[in-house]
Amino acid sequence: MGKLMAIAQRHNIPVVEDSCQGILSEFAGKRSGTHGIAAGFSLHPLKNLNVWGDAGVVVTNDDGMNERLRLIRNHGMKNRDEIAILGCNSRLDSLQAVVGNWLIGQTSEITRRRIENAAYYDAGLAGLPGLRIPPRRPNVKHVYHLYMVFAERRDELYKYCLDNGIEAKIHYPIPLYQQEGLKHLGYAPGTFPVTDRHAQEVISFPVDQHLTRAQQDRVIEIVRKFCHGR
Amino acid sequence: MDADTGRRRIGYVNLPAQFEEERVEIMQAVEGVFRRGDFIGGAAVAKLEEELATYLGSPHVVTLNSGTDALILSLRVLNIGPGDEVITPPNSFVASTAAIIAVGATPVFADVLPDQNIDPAAVEAAVTPRTRAIMPVHLTGRMADMNPLMAIAAKHALAVIEDSAQAVGSTYDGRMSGTIGTFGCFSAHPLKNLNAAGDAGFVVTADAELAARIRRLRNHGLINRSDVQEWGIVSRLDTVQAEVLRIRLRHLPSVIERRRRNAAQYRAELAGLPLFIPVCRNIEFNTFHTFVVQTDRRDDLQKYLADKGIETAIHYPVPIHLQEAAAHLGHGRGAFPVTERQADQILTLPINQFLSTSDISYICATAREYFA
């Protein structure tokens, strides 16, 4: 974020952070979602802070934006009868707010356990042939919405995990710019080589706060077996 | 009764009473969702869609986050956008007009009839070469005059998007609300006759392809876990809400029956007072999302009722064309005289299914007292 904010400032471009997977994560001691003018958070059931259905939050340090967003989420209504701007219907249900309020106090602990689980994986999976753990930078607090590594023979490893009862996932196998829905932007295959390589190599292992050490040991054992030629 | 004052108090809605009737069913269903953890796209969502399709007699039902999204996505899959015009009444809740604006098209207003629904003659007069669709709103749970509207649509090759947000279960000439036009858009907002525990909605159509496209658009345009075919939004009905709606759909006929009984009692006991209450024609089966009376002394009557503990509402006091947000459309006061006159005369009396005969008698007697 340091470099990105510098670019934004130089060109006077607002930064809107997509913090959907990054609640309580930090860069240089500053929380995700508080670097730019605004940030979007998701509270989808699979997120670290999750509610019982689709839900999200936007944070901003801009008063005008705050007021405008509040209007827009409720049809642009200033009060029951008057519409200031035409908006949409994107209100968080009270029911979901109750869940969120109850969980928000637990999010630090959830985060701590995920970080602990990730560190355990990092140690257990270190130095395996054909497997690379992404760099852990000291000025980044990673909250492990996902625990992801790079594998040379990813598709085979993925299948091996599933065959052995481990629910691994791929986040995400097809880069956005190669989606049919983005054809009109005209990007040729290979335009983003790092993204392309990652799409071929990423694999995510379960890292949630309810995971036991025994379950993690099982994941490590299976991955080790695979990397050492089974 | 009001606990503090001991005075009679009749609220406009009574959601806690609804919960008391269904507590066990709801809590079991919600717990089931938790045990399974299928919060998004659970089996209950598809089941609800099938049950709604059966209830409405329409082949395709797609559940969404809101009735507003149902309107927006219907317009979107009809490829209605900039340069296109959609004819709609100016006396609705803002969502219908907002949906047209949201896709970049131009709302063209047509004034309404004494029964508050869009006037087919005004629709015919508003058609231009740029008109793509008519969006009638079945206000108060009474369906708009669909036969002439469908004839106009056929004559000019226009799509018809029914805003059925207030009219689930209503019929017109034997046909269910939402199943006559290209699309029927429904809201299941907590204050609707069929209500979720939060924002919710659905769209119905007989067109399989259009339904499939809305299904994709509601889920980011994804055709499976990884492939995005076109750009969509997130507008999925939560599984929890689907479970709540499945239970309440089973209760809907009884809700409608009780509201119709309340309406009949109002009609009988308000007879002879200087209140205009639109007649229910033989071809209409009205479900009374709201029960609206019209009077020149509206504000005064509302205050009198409030002083006697009766909560009423106004749907809606400021017509859409006179809203600040609609200034760019350039309509001044006087543009839609029927709508504007009604905005000053309409008053919505409580009609929810939990009112007793004695509650309604009290309201009618109080109104009679006012006019005496």
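Just one residue in the list B/S235, B/S74, B/S187 forms a side-chain hydrogen bond (donor to acceptor under 3.5 Å, both in side chains) with B/D69, and that residue is B/S235.
Only the side chain of A/K78 comes within contact range of chain B, with at least one heavy atom under 4.5 Å from a heavy atom of that chain. Looking at A/Q178, there are no atoms closer than 4.5 Å to chain B (heavy atoms on both sides), in backbone or side chain. In this structure, chain B has no heavy atom under 4.5 Å from any part of A/L46. Within the 4.5 angstrom heavy-atom criterion, atoms from both the backbone and the side chain of B/V228 approach chain A. Neither the backbone nor the side chain of B/H220 comes within less than 4.5 Å of any heavy atom of chain A. Both the backbone and the side chain of B/S226 have a heavy atom closer than 4.5 Å to some heavy atom of chain A. Contact of B/A102 with chain A is not made at all, since no heavy-atom distance falls under 4.5 Å. B/N65 touches chain A through its side chain: at least one heavy atom from C-beta onward sits under 4.5 Å away, while N, CA, C and O do not.
Contact count against chain B (heavy-atom pairs under 4.5 Å) is highest for A/R80 among A/H184, A/R80, A/K183, A/M77. Per-residue heavy-atom pair counts under 4.5 Å with chain A were compared for B/I223, B/L237, B/I314, B/V30, and the maximum is reached by B/I314. No other option in B/I72, B/L322, B/T68, B/D238 has as many heavy-atom pairs under 4.5 Å with chain A as B/D238. Across B/I320, B/V94, B/V318, the residue that shares the most heavy-atom pairs under 4.5 angstrom with chain A is B/V94. Contact count versus chain B (heavy atoms, under 4.5 Å) is highest, among A/D81, A/V51, A/I85, for A/D81.
A salt bridge between B/R246 and B/E243 is present, with a side-chain N of the basic residue lying under 4.0 Å from a carboxylate O of the acidic one. Comment: B/E230 engages B/R213 in a salt bridge, judged by a side-chain N to carboxylate O separation of less than 4.0 angstrom. The existence of a salt bridge linking B/E49 and B/R218 is confirmed by a sub-4.0 Å separation between a basic side-chain nitrogen and an acidic carboxylate oxygen.
Under a 3.5 Å cut-off, the side chain of B/T88 and the backbone N or O of B/M135 do form a donor-acceptor pair.
With hydrogens and angles left out, the side-chain atoms of A/Y147 and A/D208 include no donor and acceptor closer than 3.5 Å. Looking at A/Q96 and A/D93, their side chains never bring a donor and an acceptor atom within 3.5 Å of each other.
Taking the six-membered ring where tryptophan is involved, the planes of A/F205 and A/Y121 are tilted, since the angle between them lies from 30° to 60°.
For A/H75 and B/F93, the ring centers sit closer than 6.0 Å to each other.
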